[in-house]
Amino acid sequence: MGGYGDVKLLRDDGKRLDGRTVDEMRPVSIEAGVLPAADGSAMVTHGLNVAVAAVYGPMEAHPRKIQRQDRAVIDVRYNMAPFSTGDRIRPGFNRRSREISKVTAEALESVVLVERYPRSKIRVEIEILAAEAGTRCVGITAAAVALADAGIPMRDMIVGVASGKIEDTVVLDLDKAEDNYGQADLPVGILPNTGEIAFLQMDGDLSIEEFNLAMEYNFKAASEIHVLMVDALKRRYERGDN
Amino acid sequence: MGGYGDVKLLRDDGKRLDGRTVDEMRPVSIEAGVLPAADGSAMVTHGLNVAVAAVYGPMEAHPRKIQRQDRAVIDVRYNMAPFSTGDRIRPGFNRRSREISKVTAEALESVVLVERYPRSKIRVEIEILAAEAGTRCVGITAAAVALADAGIPMRDMIVGVASGKIEDTVVLDLDKAEDNYGQADLPVGILPNTGEIAFLQMDGDLSIEEFNLAMEYNFKAASEIHVLMVDALKRRYERGDN
Amino acid sequence: MGGYGDVKLLRDDGKRLDGRTVDEMRPVSIEAGVLPAADGSAMVTHGLNVAVAAVYGPMEAHPRKIQRQDRAVIDVRYNMAPFSTGDRIRPGFNRRSREISKVTAEALESVVLVERYPRSKIRVEIEILAAEAGTRCVGITAAAVALADAGIPMRDMIVGVASGKIEDTVVLDLDKAEDNYGQADLPVGILPNTGEIAFLQMDGDLSIEEFNLAMEYNFKAASEIHVLMVDALKRRYERGDN
Amino acid sequence: MVELVPTLLRQELERLAADNQRIDGRGQWDSRNVSLEVDCLYNAEGSAKVVWGDTIIYAGVKFEIRTPWPDRPTQGSLMCGAELRPVAHRKYEPGPPSPQSIELGRVVDRGIRESGCIDMEKLCIVPGEKVWGVMIDIHVLSDGGNIFDAAGLAAIAALRTAVVPAERFDVGEDHRLLVNGSPIMASFTRAGGRFVYDPSEEEELGGDERIHITLGDEGHLHSLQKGLRGVFTPSEFAEILAVAEQKCTELREMVAEKEGN
Amino acid sequence: MVELVPTLLRQELERLAADNQRIDGRGQWDSRNVSLEVDCLYNAEGSAKVVWGDTIIYAGVKFEIRTPWPDRPTQGSLMCGAELRPVAHRKYEPGPPSPQSIELGRVVDRGIRESGCIDMEKLCIVPGEKVWGVMIDIHVLSDGGNIFDAAGLAAIAALRTAVVPAERFDVGEDHRLLVNGSPIMASFTRAGGRFVYDPSEEEELGGDERIHITLGDEGHLHSLQKGLRGVFTPSEFAEILAVAEQKCTELREMVAEKEGN
Amino acid sequence: MVELVPTLLRQELERLAADNQRIDGRGQWDSRNVSLEVDCLYNAEGSAKVVWGDTIIYAGVKFEIRTPWPDRPTQGSLMCGAELRPVAHRKYEPGPPSPQSIELGRVVDRGIRESGCIDMEKLCIVPGEKVWGVMIDIHVLSDGGNIFDAAGLAAIAALRTAVVPAERFDVGEDHRLLVNGSPIMASFTRAGGRFVYDPSEEEELGGDERIHITLGDEGHLHSLQKGLRGVFTPSEFAEILAVAEQKCTELREMVAEKEGN
């Protein structure tokens, strides 16, 4: 977190610079089945973020040494397109995207019924086409919808959401300026039906009370996004195969 | 193509700076069987260009995943030696050499009787020791002679030649200055007996009439070089094994 | 070797800047069995150098193509920790460490009874935690003790030692300043019982007489260090398994 | 890449070609549906999305300020790259850029560069000190065949609608990037023994060599590339070149429509 | 990595958990023995060695003089990296940094960076021209379980005892690096179905997800990370967070003792 | 690398050694035919081609203008690299530089560098601002055994005939590179249990360790390297060192002849 004290992020009326209340999400829209070549896919627009996820598989896991005898492995690549940020990003993995790919894969393995597909691999490709803070969460949401679109059985959906702190105030869903100049960010992946957590990161400065409030906001937002995810899948099934 | 208008490349008598006419090649000399360690090899000097090609195989193709059930794959590496150009080139592949390697391999696969060697690999190594414009064509010619020297059966030879445009005039076989300050370059790989084309690239600016004239020059040059290729192989067979 | 003539490295009394005589080693201490996770390990402090070696194996050699039908291969990685030198070293292999790893592996293969373990691999990891000239020799000594600690049978121990030349004088065991401003360095790996040599490098300027004297010093030092190696292993066996 | 030779597919393509038919019902020189959207991505200074049959490709333009090369102190630079990432098809694997993706990027790059549609001198800010570097990135999201033409179309559309972010870099006011002309690519694959325009995924899988032709506004050739195994005759080339002229003109009009000025 | 699922080990951990026991006899929230040594390496400007059960980790601090970023002309920089080299365990392979080592380095880095214990403004030498870059490298020599906590401890101890080598760089006198506070990490693994503190190598092998919590001097959260497969409930998290507060306080005192001032 | 142990070849080499013979009929200290050609490549500022038995190696010298290191403001630099590319033998594979090629480049580099034949101070153009960087690249086209000696010979011959391209860089007139002396390498391989000079490909395949000795004009040692598995005694070394002195003198004369002045 940048944490610069001199940037004002809350207006005098208590609302945020873009007019949202402290516990209000940016607008979200979700579409399933957007990529003809993939077994499952989804596009999520969250504020100005645009994430696309493609799922391939289950398929034979090779090289052999990545196979697990009792379950499928989930191979996630989170990637930011070169033109997705203010300054162009050089193509190729970097340390940040490798870490996000790792913990995202582990979160998805926690909800997919991987025991059903021993020795196989499920590829999940998350492409960030436009980034405006919170891309790892938007990517998780897109991946979950793409997995469902591919017909991969899951014990629950998983919804990526984040809360944070700006000007000593806990707020839901930081946008770009809030992320740059805020004090904390708490992205989580929530199972909407069980209320369990499969993804958790946090950086910045949060007291335990602030943490609890931020989690409360996150659970609320997860419920809202979950409705949109289910709706997108319904529309997809009604549309039929592409 | 650089295409700078202010560099004069044609003399008042219509000849080029080195005295060649518009449809005249640089001097070419070819020797087959120059590398004792290789199964087949050739060195081609074309103007000040020096290219050496080595052929190894057919051999088992590994890793397995590159094997084709019904034919041999041809694995080409086009490489410029660090000291082959004005400024030293850092060793290792770059994007240009990877692209040339790819399309050269595809051109050679079009003439070699690859069906004769299922599941195998033929390695073709093209090393540019000195570069003076047109190296990809010189490399193709050297590779063809090296393949023949290795006893690999081919449906026809393939000859690398190029024409281009300077000062709005179509000319055969651009040299360094003409390549730097010219308006177009059209390198092709011609099968001298069938008159077919297995390699084609072009960049710059050519009207369709100019393109047709440039191709006419290229076919003429291919015939001339083909004579030298056959001659080099004859001398090689007379010399016997090394 | 830097070989700058203007740095004084010998005092008027003929001793070296740190008070050592020409044929005197820096203090050395050795401990075996220092890393719980490894099959064998050792830490050697030599002057201000600190080297740790870990041995894993014999284990199955994979990928297959590195296997030898009649013996084990020894896979050595010599690595300098980023904080081991004056300026931080970027992590990852460099040309120097690859060369040292290669010749160190070959030296160890010369003393380990590799015929006892066909098709297998023995991993030797040498980590330099602090560097003060002569690290490749300290690493060899540590590796030899770690191999013995792992119970790998060897035809003899191997001791890494170095002599060199400063101010036209042959001296034993160059320290940092002597290495930077000296005239020659002769690191060798000596088999203390047979008097044979398994590792040899040298750079700088040595007449043949100087070379012979430097080797004499090296053999003397090898005997002294060998005593410490045996002693460390004795203490390790007395201590028992960790 | 494991590539089982699709013998049955090859035979089917030959049978169809003998009847002058294609596997998806098109005529030999027919295109699939093409749709073009521009200015569709936050953060990219120019962007385009092309949906071409089952192929989906985005292109994004970014700018940077660079020091010019000493021997060309008044010239900016242009760079076009392409990534064939695993998102786009089951057949693409992660790793360093494949020869396929390098070829794609370089062929699109040459078409744009050699057409002269970007005047490098116009990218100069302060001679010898500051010039614009223009970077076009092609991102293939779904490979349903003929990615070359879709990539070329996305690239030129993104360029022609790009805004130079001069204000962000404190070097003047934002302005449209100056682009003189629209180089357009037309690609042909030999399928069933004859060339067809705009090959589908199946025609690429069961076909032979490809030829990529980039034509400028005046109908001049700016880039040619032959890829994959196979040979062709000069008269075959003359025939597809005539088709290319017509196709490029149609697509050039589609780009012009999207510019909205 | 070949990882045979250690079914028997899993069953044993479940059996033990049912009796509220651990495989090495510890209680659920007990730590193994921890020893800390500082200033132990020639050439490192700050160094620490942590022996934590069978885990042995060194951290070393180096300094460089850098040009600051144009948008932050008065700020130095901090970088924390970790290497899980093959020396540390049979399971680690040579090659480019693994996701495991990247995660380790980044989690330790975030804990230190986000606690604000290093004031980047204090690393400025000449505004806009020269600032200190502080680089902490974590070198795992033996992985006996819970390398995250050991790495975090070594890193903060090395930092808090580091001396800025100003004389060597001709920019003043050597001085202790200013570090405000000691962020400390506490890690928990689900083993036998419940969370335990300070997992051993066997508990990691037969366990599920991990949670890493970094707390500052005031007990505030500065970094969280959940790794590996598994889910947890908010109430489980509340329980381990309470344990973490106590453990971090104890380790913070150990660091303070070693500083000797 | 798959390397079937050539048991039969080993036995044959032992049998021959017992009769004091070699597989190609040479005596123990005989060399194969060596030919040297210089100034043979356009674009290289110095070049040499060595044909040594079935081994063919080119070396090329290039120059660049560099900023000197701050602590050595009046010194230029020398760099020698080698590539064992797949062209040179069936056994070489593509990929990043192998340990074999790194060793070759570094051993040749040390021999030249440590002999002091290039005075780094003489490479200074403007102190603190501009110095020459000299780069020698060794390109092995055919590995027929003993590539070390052939590479060393090509490198020193290319250096001694190199012309500093000062005009092209606008820093004065072109002039011969100043090289004081000719360090020469002599290599020995244990084959059939004893050392032989100038090992052939078969002697390397069926042999053991190698020793590379680089001697300067005065007969001083400038570089030593022992490679591959095997041990040797000090008296064995003394014997080959005496042979090396003679061999290096002969080759040094060959270089001098080619310089033509």
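Protein chains get the first letters and strands the later ones, always in sequence-line order, with residue 1 at the start of each. Just so we're clear, the structure is a prediction, and the values are computed from it rather than from any experiment.
Neither the backbone nor the side chain of Phe93(B) comes within less than 4.5 Å of any heavy atom of chain D. For chain B, the nearby part of Glu245(D) is the side chain; its heavy atoms alone come within less than 4.5 Å. In this structure, the portion of Leu186(B) lying under 4.5 Å from any heavy atom of chain D is its side chain and not its backbone. For Ile74(B), no part sits under 4.5 Å from any heavy atom of chain D, backbone or side chain. Contacts of Arg64(B) with chain D are absent, with no heavy-atom separation under 4.5 Å from either backbone or side chain. Using a 4.5 Å cut-off between heavy atoms, Ile213(D) does not touch chain B at all. Proximity to chain B involves both the backbone and the side chain of Arg229(D), based on heavy atoms less than 4.5 angstrom apart.
Taking the six-membered ring for Trp and thresholds of 30 and 60 degrees, Phe63(D) and Trp132(D) have ring planes more than 60 degrees apart, a perpendicular arrangement. Ring geometry, His220(D) versus His222(D): the interplanar angle falls from 30° to 60°, so the pair is classed tilted.
When each of Arg106(D), Gln225(D), Arg110(D) is checked for heavy-atom pairs under 4.5 Å with chain B, Arg106(D) comes out on top. The choice from Leu191(B), Val103(B), Ile208(B), Leu200(B) that makes the most heavy-atom pairs within less than 4.5 Å of chain D is Leu200(B). For chain D, the option among Glu196(B), Glu99(B), Arg98(B) with the highest count of heavy-atom pairs below 4.5 Å is Glu99(B). With chain D as the partner, the residue from Ala198(B), Gly195(B), Ala105(B), Ala107(B) showing the most heavy-atom pairs under 4.5 Å is Ala198(B). Between chain B and the options Asp208(D), Leu228(D), Thr233(D), the largest number of non-hydrogen pairs under 4.5 Å is found for Leu228(D).
Taking 4.5 Å as the limit, every side-chain heavy atom of Leu228(B) sits out of range of all side-chain heavy atoms of Glu224(B). When side chains are defined from C-beta on, Met229(B) counts as touching Ile225(B), because their heavy atoms get closer than 4.5 Å. Side-chain atoms of Val161(B) and Phe219(B), non-hydrogen and from C-beta on, never get closer than 4.5 Å to each other. Contact annotation: the side chain of Val140(D) approaches that of Leu104(D) to within less than 4.5 Å [non-hydrogen atoms, C-beta and beyond].
Between Asp217(D) and Arg252(D), at least one side-chain nitrogen of the basic residue sits less than 4.0 Å from a carboxylate oxygen of the acidic one, meeting the salt-bridge criterion.
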Please report the C-alpha distance between His212(D) and Phe148(D) in whole Å, then the side-chain angles of each, then the deciding distance to 0.1 Å, and finally whether the ring-ring contact (aromatic ring centres under 6.0 Å, His included) criterion is met.
-> CA-CA 8 Å; His212(D) 311 288; Phe148(D) 277 74; 3.9 Å; yes

